[in-house]
Number of protein chains: 2
Amino acid sequence: MPPAAPTGRSMPTARLRIGGFHTGDPTSDESSPAVDVRVVFFALIGGRLVVALRNGDDQLCLPRGWPVSDESLDAAARRIAHDEIGLSDRYLEQLYTFSVEDEIDWTVVITYVGLVGSDASAGSRPGIEWVPAEPGVLCSEIDGRVIDYARTRLRAKLGYTTIALYLLPPAFTFRDLQSTYETVLDQPLDKRNFRRRLLATGMLERTEEVSRQGSHRPAALYRFRPTDDQERYLTPAWDEESS
Amino acid sequence: MPPAAPTGRSMPTARLRIGGFHTGDPTSDESSPAVDVRVVFFALIGGRLVVALRNGDDQLCLPRGWPVSDESLDAAARRIAHDEIGLSDRYLEQLYTFSVEDEIDWTVVITYVGLVGSDASAGSRPGIEWVPAEPGVLCSEIDGRVIDYARTRLRAKLGYTTIALYLLPPAFTFRDLQSTYETVLDQPLDKRNFRRRLLATGMLERTEEVSRQGSHRPAALYRFRPTDDQERYLTPAWDEESS
DNA sequence: CCAAAAGTGTTGCTCGTACACCCATGA
DNA sequence: TCATGGGTGTACGAGCAACACTTTTGG
């Protein structure tokens, strides 16, 4: 089980809450934590994996917000995606939940990972900064660890799912695809084996178009087959939309 | 993204909340959800995979509790393990977090999976019932889905980790081990291949003792090597112990 | 015609799977 | 000696990793 780790100096917000109550249990007036949702948005910019950070109290921090009533946690995460990144319809997955406490606040933090097409950085709201997703990102320690963990999971998941899709534009060359994998996995891959393996999955579809750039042979453009229902492995098929 | 899924016929909603607000926003006195932690405890009893349920309002439900201040979520889950199952030092892993809402309550539920040695059912508190972990368990619909999902994850994880360890007594025969896998995976396995594969992992250590029972050749007893630090795959290496 | 990236096959090895018989014991 | 489960080896196929040259284009 996850061994103890530092408690994290997170945000002094002033927020009190009274009454965590419970079905059947009448002890209804103890303090109970605030809840907030944070999202690690990844994108590929200039061949680097980057995350979206915004200004926090005294340093950069992950985009965040609170769920409102009548809103599932997933919906809250989607809303944050929309409000902060201007992001429409992308990949979003729950990561982990933990609690943070300091002298003032007690907060339960539900974290998500979101993937954004490389273009979307353009559409992101002002106040959002895209910084390289390497260990030691300038942000709170807690958020830094969340980012590291998110990256680890992204890497692991790239192996057995099609989520790379969400980091790429609708049409892409094999080189684009391979670079994406190489960037996220942080290791070089063999061109022929990569091509063979990806083609073997049947996820790819070659389009008529080609990408001409530079004085060399043009590259065929591919897209993902609309068979995109396998990236949900290890995520519950239920999540109640309250509303 | 987990597309909207069965909305769960739970909860018609009343409960209003205004304004999801953000860092820097001082609107601090709106309602915020209660938080509770539920644990799906699995054990093997009589060759069946069973879960621990306790009496809820009108039906069985998962063992649960709320985190108190100065207590991490993991610690809360451990406390529940101790209070409800009388469980000391076993495997516990976070599963998923979601929110539930009805006319009265708005709750964020953090779920865990716990694994219990087959013996431990004896030590469980009165009021706990161990029921077969099959789809359609008699409990609330929400809890039922949590159990199903927990089982799915357990099954998946058995493939690439050593968690089977926690469902077995300290010493066990190869048959015990194989039955455990077969029960959880719900499929028969080849004896020789199973043995070879498990030995190849190097996790097992043959003890001097044997298990004599029945009129046939006694079986060698094995135990897991104290190399038990790999079952944390896909779980963050950090989790703040507040306290 | 040159530079630069696109595209293409084969081979060896590893790992998983299928499969059947002898062994040790208690009754 | 018999019934019962414990314990063992081999052969095939699938899939992955390593590896180098030809093709097409723009300049």
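Letters A, B, ... mirror the listed sequences (proteins, then strands); counts begin at 1. The analysis underlying the following values was restricted to heavy atoms, covering all of them including side chains, and did not include hydrogens, waters or symmetry mates.
Each of B:Tyr166, B:Tyr222, B:Tyr181, B:Phe224 was scored for a ring-ring contact (aromatic ring centres under 6.0 Å, His included) with B:Phe172, with one residue passing: B:Phe224.
For the pair B:Phe194 CZ and D:dT8 P, the computed distance is 15 Å after rounding to whole Å. Summarising the geometry, the separation between CZ on A:Phe174 and P on C:dA4 is reported as 24 Å, rounded to the nearest angstrom. Note: NE2 (B:His216) to C1' (D:dT1) measures 17 Å, nearest angstrom. Summarising the geometry, the separation between NZ on A:Lys191 and C1' on C:dA4 is reported as 11 Å, rounded to the nearest angstrom. Going from atom CG of B:Leu199 over to atom P of D:dG9 covers 12 Å, rounded to whole Å.
Between the base of D:dT10 and the side chain of B:Arg196 there is a donor-acceptor pair shorter than 3.5 Å. For a distance-only test at 3.5 Å, the side chain of A:Arg192 fails to qualify as a donor-acceptor partner of the base of C:dA6. With hydrogens and angles left out, the side chain of A:Arg195 and the base of C:dA6 share no donor-acceptor pair within 3.5 Å.
In this model, a donor atom of one side chain and an acceptor atom of the other lie less than 3.5 Å apart for A:Asp176 and A:Thr173.
The residue among B:Asp190 and B:Ser215 whose nearest nucleotide of DNA chain C is located toward the 5' end is B:Asp190.
The side chain of A:Arg212 places an N or O atom within less than 4.0 Å of a non-bridging phosphate oxygen (OP1 or OP2) of D:dG26. For the OP1/OP2 pair of C:dA6 and a distance below 4.0 Å, the side-chain nitrogens and oxygens of A:Arg175 include at least one atom meeting the criterion.
Counting non-hydrogen atoms under 4.0 angstrom, B:Ala200 reaches nothing in the nucleic acid.
The line from CD1 of A:Ile128 to CD1 of A:Ile85 is 4.5 Å long, rounded to the nearest 0.5 Å.
Ranking D:dG9, C:dG7, D:dC19 by closeness to the A:Asn193 side chain, first place goes to D:dC19.
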Yes or no on side-chain contact (heavy atoms from CB on, under 4.5 Å) for A:Asn55 and A:Leu60, after CA distance, side-chain angles and deciding distance? CA-CA 5 Å; A:Asn55 295 318; A:Leu60 294 173; 3.4 Å; yes

